[in-house]
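A short worksheet on the structure shown next.
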Amino acid sequence: MEYTFGLIGSGNMGGAIAHAVSQTTKAGILADHDPQRAQALAGELGFAHGTNQVVAQSSQYLFLGVKPHLMGGMLQDIRPVLAARKEPFVLVTMAAGLAIQQIRQMAGGDYPVIRIMPNTPVAVGQGVVLYHASENVSQAQVEGFLQLMGKAGGLYPLEESLMDVGAAVSGCGPAYAYLVLDAMADGGVACGLARGDAVKFAAQTLLGAAQMVLETGKHPDQLKNEVCSPGGSTIQGVRTLEQRAVRAAVMDAVIAACEKNAALGK
């Protein structure tokens, strides 16, 4: 049987992708080094499950969801299966730091490859998926990929040379946002809010602020200024954040993540 979607590696990121794709198709099959994890996720989403070899043999879009340092060994194991395939297929890699050409070398052929950098909010349809297709991915295959991932959130083409940078912003970014969200909630608790209310208020606030940027097209600094009334409480909060160099710390976090992404491919 041929499946539209196949996934090798059903961990946090792979599982988030599977959740998004399950909103579009049920013709999917999952594998993982922990077969019980793949079986449980497949049962939840209405997908089939099998070995790496079975998934590699039967998937039109074969998503590679393993860690960068494990990619070579996994692809080595399925090389014969890929080489024996007659029907067209596309490898979809989400491994940070590994270029398309490296994936091809590990897989043993100049296969069509789409490199993606997703983030975990794809699981709830609010993610970012950066993508770059190799020169031998047809337009029809790109369109099929975009349709398959249509429920994941925003899908943005990006030059491969910028993938490590993009991943440092959008791929790592949810962790930064969760830190800020948790800190905002802690501040609310310190001032008397119940924990559940504080988390809810902080989460909805960050969600709304992000939506304002996307829908108005205004620069974040302009939107920040619109919240800061003269002599008001918000500007005092902003002053405190500036004193603590929060912006510089976030910039440094993105740069550090970008440098780490680049190092993963060496």
Side-chain angles (χ1 to χ4, degrees), residues 11-13 16 67-68 94-97 116-130 152-266:
N12 291 335
M13 193 64 254
K67 301 290 187 184
M94 62 187 82
I116 66 173
M117 287 289 108
N119 61 14
T120 52
V122 301
V124 294
Q126 294 293 332
V128 171
V129 181
L130 311 175
L155 294 107
Y156 305 100
L158 187 67
E159 288 299 319
E160 188 175 22
S161 62
L162 293 174
M163 277 289 183
D164 290 338
V165 184
V169 176
S170 61
C172 305
Y176 313 150
Y178 298 141
L179 280 174
V180 172
L181 193 159
D182 192 38
M184 289 171 63
D186 279 349
V189 171
C191 293
L193 283 177
R195 171 67 61 181
D197 286 342
V199 171
K200 186 189 308 178
F201 300 162
Q204 184 63 49
T205 297
L206 290 181
L207 179 64
Q211 200 65 31
M212 284 284 286
V213 173
L214 294 175
E215 292 193 7
T216 67
K218 294 181 179 180
H219 192 282
D221 190 62
Q222 180 181 350
L223 291 169
K224 179 262 294 179
N225 290 343
E226 291 175 0
V227 184
C228 295
S229 302
S233 55
T234 305
I235 191 63
Q236 292 303 319
V238 169
R239 179 177 65 86
T240 300
L241 292 173
E242 295 288 15
Q243 286 176 334
R244 307 293 172 84
V246 168
R247 283 200 290 184
V250 174
M251 289 173 64
D252 286 347
V254 172
I255 294 167
C258 181
E259 292 172 345
K260 178 62 176 180
N261 283 340
L264 290 172
K266 295 179 179 178

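Numbering starts at 1 and runs along the sequence shown.
In this structure, CZ on R239 lies 10.0 Å from CZ on R244, to the nearest 0.5 angstrom. In this structure, CD in E259 is found 11.0 Å from CG in D164, a value given to the nearest 0.5 Å. One finds the CZ atom of R247 at 13.0 Å from the CG atom of D252 (value rounded to the nearest 0.5 Å). Distance check: T234 OG1 to E226 CD gives 12.5 Å after rounding to the nearest 0.5 Å.
Of all the heavy atoms in S170 and N119, the pair that sits closest is O-ND2, 3.0 Å. In this structure, V122 and M13 approach most closely via the heavy-atom pair CG2-CE, 3.9 Å. For Y176 against A253, the heavy-atom pair with the smallest separation is OH-O, 3.4 Å. Residues A202 and A185 come closest through the heavy atom pair CB-N, 4.3 Å. The nearest pair of heavy atoms linking A198 to V189 is CB-CG2, 4.0 Å. Across every non-hydrogen atom of S229 and I235, the tightest pair is O-CG2, 4.1 Å.
Between K218 and M212, every side-chain heavy-atom pair lies at or beyond the 4.5 Å cut-off. A 4.5 Å side-chain heavy-atom check between D186 and R195 finds at least one atom pair inside the cut-off.
Under a 3.5 Å cut-off, the side chain of N261 and the backbone N or O of A96 do not form any donor-acceptor pair.
For L155, the side-chain contact (heavy atoms from CB on, under 4.5 Å) criterion is met by V129, Y131, F145, L146, M149, not counting sequence neighbours. Here D197 pairs with A194, K200, F201 under the side-chain contact (heavy atoms from CB on, under 4.5 Å) rule; sequence neighbours left out.
Exactly one of V169, L130, L158, L162 qualifies for a side-chain contact (heavy atoms from CB on, under 4.5 Å) with M117. That residue is L130.
At most 12 heavy atoms of other shown residues, nucleotides or ligands fall within 6.0 angstrom of atom CG in N12. Within a 6.0 Å sphere centred on CD of Q222, heavy atoms belonging to other residues, nucleotides or ligands number more than 12.
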